[in-house]
2 protein chains.
Amino acid sequence: MTTMTAARSPLSPADRPQLGLRERKKIKTREAIRTAMYALVEEQGYEATTVEQIAERAEVSPSTVFRYFPTKEDIVLTDEYDPILLEELRSRPADEPWPDTIRDVMLAAARVGVEEDLRVARLRTRLMVEIPAVRSRMMESMSVTGRMICGALAERTGRDPDSLEVRVYAMSFIGGLMEASLYWAEKGHQGDFTDLVDRALDVLEHGLGTEKP
Amino acid sequence: MTTMTAARSPLSPADRPQLGLRERKKIKTREAIRTAMYALVEEQGYEATTVEQIAERAEVSPSTVFRYFPTKEDIVLTDEYDPILLEELRSRPADEPWPDTIRDVMLAAARVGVEEDLRVARLRTRLMVEIPAVRSRMMESMSVTGRMICGALAERTGRDPDSLEVRVYAMSFIGGLMEASLYWAEKGHQGDFTDLVDRALDVLEHGLGTEKP
DNA sequence: CACCTTTTGAGAGTTACTCTCATTTCATGG
DNA sequence: CCATGAAATGAGAGTAACTCTCAAAAGGTG
């Protein structure tokens, strides 16, 4: 998951001098491409930004851009927070009820994800609303997160991670959180994103209820 | 919605002689393109099928194909069942509880959608599983259906169709049904699709519950 | 039949993405 | 410190989905 699910700072090259020069350079290139894309998109919009331009600004060849990111959309979206999220889920006390677990983890992820880099979080969600291809790619990435949630839920509750029920639960969960992100962006990123996630989690846990706000 | 939401036969040209020749020809062209695509995909697979080939077999120009369908994926997926679904929702007695309404309508839609043309339903869901672009496009189309459900739900319960709660509910609903479709296809279309939808609706209505099947 | 509108076809252009191969850059053992 | 192997990069050609434009054709109408 991307928008609401940061749980730790993304790997930066300076942080790990133990890595070989090669690995550090790869991380730098990745970041350079992302930074170039962010800048160009803010300058001239998503569609108007071509991969060639991104490559030029990042000082790599177009071939290299595609080596690092399978699609243009991935440059904006990809993050590798899923493993961290999984670890977080696993580190919870085994007797904690599942709803509490998932709620706390998701809320924390949302909080960190936004605090980490508000500008990027806004850009991403804005593009999710405006560019169908970005939104689609995001949904794809979310469904991967969904499968991970299936696994975690199964591990904790002894269910079959591949049962229809678990999978439907996970995907409906993901769908709801996705909509919360879109809602946030559509309303111009007003208010606290964490509050929206909290309200979304209420709906996912208890349904719509009978009160009419 | 496409896979599980047919509620009446798609418009066929012979059925409406009152339409002008122009309109009837358009419908025929649409069907010809679809039929050509279905056949080619079954012969040689989705990726190997180019729009040029589709155009050739449908005896139209490539330009025309793109005039009828915005993307290649849409040729496989598009159907206009949303208005029918909406009408169905509206025709329900006003005092019927919402969960019953949506359940019955969805189950009926699933039933008809599969019975209408099992081969097409299978092909579509199979492609949803195998081809990411098709799956993405399907999710997009589903989110449109989601907005429609927001409207219907709001109409019946007096809620704000654009409130976070309603939108999260609708999208989580859509996500769950989507997963049921994928599940059906992944398991080789074994068993009755309607049963899967029924079980999915249980999860969406009551959560996972405590029983472990 | 003539006129107007809509639809179609042809073709050129853009761009994301793929594949291949030669060149460069890093890692490593002597 | 250099030679050898492995990995990353760049260059370039190729594909196919889409877009745009404009002229030809076909349907509707007086």
Side-chain angles (χ1 to χ4, degrees), chain A residues 13 16-34 36-37 40-41 44-78 127 130-138 140, chain B residues 13 16-34 36-37 40-41 43-78 127 131-138 140:
Chain A
R16 44 207 74 223
Q18 75 282 14
L19 260 56
L21 174 56
R22 214 160 228 172
E23 296 304 313
R24 272 176 287 157
K25 219 172 188 179
K26 281 211 269 184
I27 296 175
K28 264 174 70 179
T29 304
R30 245 187 122 74
E31 279 188 1
I33 294 171
R34 271 234 187 78
M37 172 124 201
L40 284 166
V41 168
Q44 48 180 1
Y46 181 87
E47 320 250 39
T49 301
T50 76
V51 173
E52 213 168 340
Q53 290 173 324
I54 299 166
E56 195 180 354
R57 182 162 306 196
E59 293 180 294
V60 293
S61 76
S63 324
T64 300
V65 173
F66 286 114
R67 251 191 283 272
Y68 277 81
F69 300 94
T71 72
K72 186 181 164 189
E73 297 85 53
D74 281 284
I75 308 178
V76 194
L77 290 178
T78 305
L127 292 178
E130 290 170 4
I131 316 290
V134 174
R135 183 169 52 247
S136 292
R137 199 70 190 77
M138 185 64 191
E140 274 295 296
Chain B
R16 47 208 74 221
Q18 74 282 14
L19 259 57
L21 173 56
R22 218 162 224 170
E23 296 304 313
R24 271 177 287 156
K25 221 174 189 178
K26 279 213 268 187
I27 296 174
K28 263 173 71 178
T29 304
R30 245 187 121 75
E31 278 188 3
I33 294 171
R34 272 235 186 78
M37 172 125 200
L40 284 166
V41 167
E43 284 172 23
Q44 48 181 3
Y46 181 86
E47 320 250 41
T49 300
T50 75
V51 172
E52 213 168 341
Q53 291 174 326
I54 299 167
E56 194 180 355
R57 182 162 306 196
E59 293 180 292
V60 294
S61 76
S63 325
T64 300
V65 173
F66 285 114
R67 251 191 285 270
Y68 279 80
F69 300 94
T71 73
K72 187 181 162 188
E73 296 86 54
D74 281 283
I75 307 178
V76 194
L77 291 177
T78 305
L127 291 178
I131 316 291
V134 174
R135 183 170 51 248
S136 293
R137 200 66 191 77
M138 184 64 192
E140 274 296 296

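The figures here come from the full heavy-atom set of this structure, side chains too, leaving out hydrogens, waters and symmetry mates. A note on names: the letters A, B, ... follow the listed sequences, proteins ahead of strands, and every chain is numbered from 1.
Taking the side chain to side chain contact (heavy atoms under 4.5 Å, CB included) definition, one finds that A:Val134 meets it with A:Tyr46, A:Glu73, A:Leu77, A:Leu127, A:Met128, A:Ile131, sequence neighbours left out. Shown here are the salt bridge (Lys or Arg N to Asp or Glu O under 4.0 Å) partners of B:Arg67, two or more places apart in sequence or in another chain: there are none. Every residue two or more places apart in sequence or in another chain that forms a salt bridge (Lys or Arg N to Asp or Glu O under 4.0 Å) with A:Arg57 is listed here: A:Glu43. Under the side chain to side chain contact (heavy atoms under 4.5 Å, CB included) criterion, A:Ala55 pairs with A:Val60, A:Pro62, A:Val65, sequence neighbours left out. For B:Glu52, there are no salt bridge (Lys or Arg N to Asp or Glu O under 4.0 Å) partners, not counting sequence neighbours.
In this structure, the CD atom of A:Glu56 is 13 Å from the P atom of C:dT15, given to the nearest Å. Between the C1' atom of C:dA27 and the CZ atom of A:Arg24 lies a distance of 13 Å, rounded to the nearest Å.
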Produce a footprint string for nucleotides 8-20 of chain D: one letter per nucleotide, 5' end first; B if the base is under 4.0 Å from any protein heavy atom, S if only the sugar-phosphate is, - if neither. SBBBB----SBB-

